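Note that this is a predicted model, so its numbers are computed, not measured.
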Protein chains: 2
Amino acid sequence: MSRRTPSARPARRRAHAPVFAALGDRTRLALVAKLSEGELYSISQLTQGSRLTRQAITKHLRVLEHAGIVRCMHRGRESLFAFNPEPLYEAKSYLESVSEQWDQSLARLRGFVEERRLT
Amino acid sequence: MSRRTPSARPARRRAHAPVFAALGDRTRLALVAKLSEGELYSISQLTQGSRLTRQAITKHLRVLEHAGIVRCMHRGRESLFAFNPEPLYEAKSYLESVSEQWDQSLARLRGFVEERRLT
DNA sequence: AGAATACGCAACCGACTGGTTGCATAATGC
DNA sequence: GCATTATGCAACCAGTCGGTTGCGTATTCT
């Protein structure tokens with residue numbers, strides 16, 4: 001991305017919570033799964049196969065777009081959506097950092113529970 | 001975990017959306033960060049340093065508990081919370097799978113946007 | 001030009017969320 | 001025994017969420 005744009009944005013630090021919140025919905029997870037296949041899909045196409053209204057799907061897509069997980073571009077009368085992986089990379093990194101922090105202090109807590117016979 | 005329990009549960013397939021939803025809140029992310037340090041914290045301890053009420057913190061902890069991210073045990077009059085990494089591992093794996101699917105079809109989409117001059 | 005397609009905007013709705021306050025109860029400390 | 005500490009439960013509230021319907025508009029097709 002930053003290789004393409006000459007106006008290289010300084011990769012603004014995004015908060016993780018909104019990204020996780022955007023992923024905290026089955027419908028949006030399904031949209032992400034479909035868009036991650038690499039195709040461009042219009043709103044109507046994404047609505048087909050769903051039991052929801054076009055407007056419902058549109059709202060979900062806007063949520064994903066605000067979280068940066070999806071990009072929208074317009075061709076003619078249709079809005080095409082494309083997957084954007086960066087926020088998911090960052091989210092994954094965050095989960096990794098939390099897991100690593102846990103791993104480092106795991107030994108300290110291991111057996112602690114049984115030792116103290118906690119319920 | 002499953003090593004301890006003789007009634008080895010078949011590691012029920014958990015949906016990802018609830019885990020992400022539980023992480024989609026700054027307060028809860030802060031709680032996860034603190035608990036991932038490996039210490040056991042009571043509700044009062046977790047409330048100290050926060051501007052929120054004890055009940056607010058309690059509600060957030062219950063959300064994390066239902067998502068499996070946190071475990072609660074009782075000692076005397078206090079409720080001690082411990083971090084549980086499994087759901088986060090699974091969430092990380094899910095993000096990885098989505099990213100990999102994207103990577104595999106990246107070449108197919110690369111240049112597609114510029115080629116078609118989409119706005 | 002006229003019909004069909006794809007979409008945006010706005011209002012509306014019930015349900016859920018994040019947060020509070022108030023009160024009751026169990027466990028500890030003195 | 002009594003005060004303190006730690007918590008649970010329930011009610012309440014404003015705001016957000018997921019979803020719908022209705023309508024207007026731009027684009028494409030024939």
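The phosphate of C/dT5 has neither OP1 nor OP2 within less than 4.0 Å of any side-chain N or O from A/S44. Contact between the side-chain N/O atoms of A/T53 and the OP1/OP2 oxygens of D/dT20 is found at a separation under 4.0 Å. Taking side-chain N and O atoms only, A/H60 has a distance below 4.0 Å to OP1 or OP2 of D/dG19. Distances shown here put every side-chain N or O of B/R77 at or beyond 4.0 Å from the OP1 or OP2 atom of D/dT4. Between D/dG18 and A/R28, a contact under 4.0 Å exists linking OP1 or OP2 to a side-chain N or O. Here A/S79 reaches the OP1 or OP2 of C/dG8: one of its side-chain N or O atoms lies under 4.0 Å away.
Of the possible donor and acceptor atoms, none in the side chain of B/T53 sits under 3.5 Å from a partner among the backbone N and O of B/Q55.
Atoms NE2 (A/H74) and C1' (D/dT28) sit 17 Å apart, rounded to a whole Å. Following rounding to the nearest Å, A/R75 (CZ) and C/dC7 (C1') show an atom-to-atom distance of 15 Å. As rounded to whole Å, 15 Å separates atom C1' of C/dT17 from atom CD1 of B/I57. Protein atom CG of A/L46 is 16 Å distant from nucleotide atom C1' of C/dT5, rounded to whole Å. Atom-to-atom, CD1 of A/I43 to P of D/dT27 comes out at 15 Å; the value is rounded to the nearest Å. A/R54 has its CZ atom 15 Å from the P atom of D/dG19, to the nearest Å. In this structure, A/F20 atom CZ and C/dT17 atom P are separated by 19 Å, rounded to whole Å. Separating the CG atom of B/D25 from the P atom of D/dG15 is a distance of 18 Å, rounded to the nearest angstrom.
A heavy-atom distance below 4.5 Å is not found between the side chains of B/L80 and B/H74.
Note that CD1 of B/I43 is 5.5 Å distant from CZ of B/R62, once rounded to the nearest 0.5 Å.
No donor-acceptor contact under 3.5 Å links the side chain of A/Q55 to the base of D/dG18.
One hydrophobic cluster, built from ILVMFWY side chains closer than 4.5 Å, holds both A/W102 and B/L61.
Comparing A/K59 and A/R62 against DNA chain C, the residue whose closest nucleotide sits nearer the 5' end is A/R62.
Closest approach of A/E65 to A/C72, counting heavy atoms only: OE2-CB, 3.3 Å.
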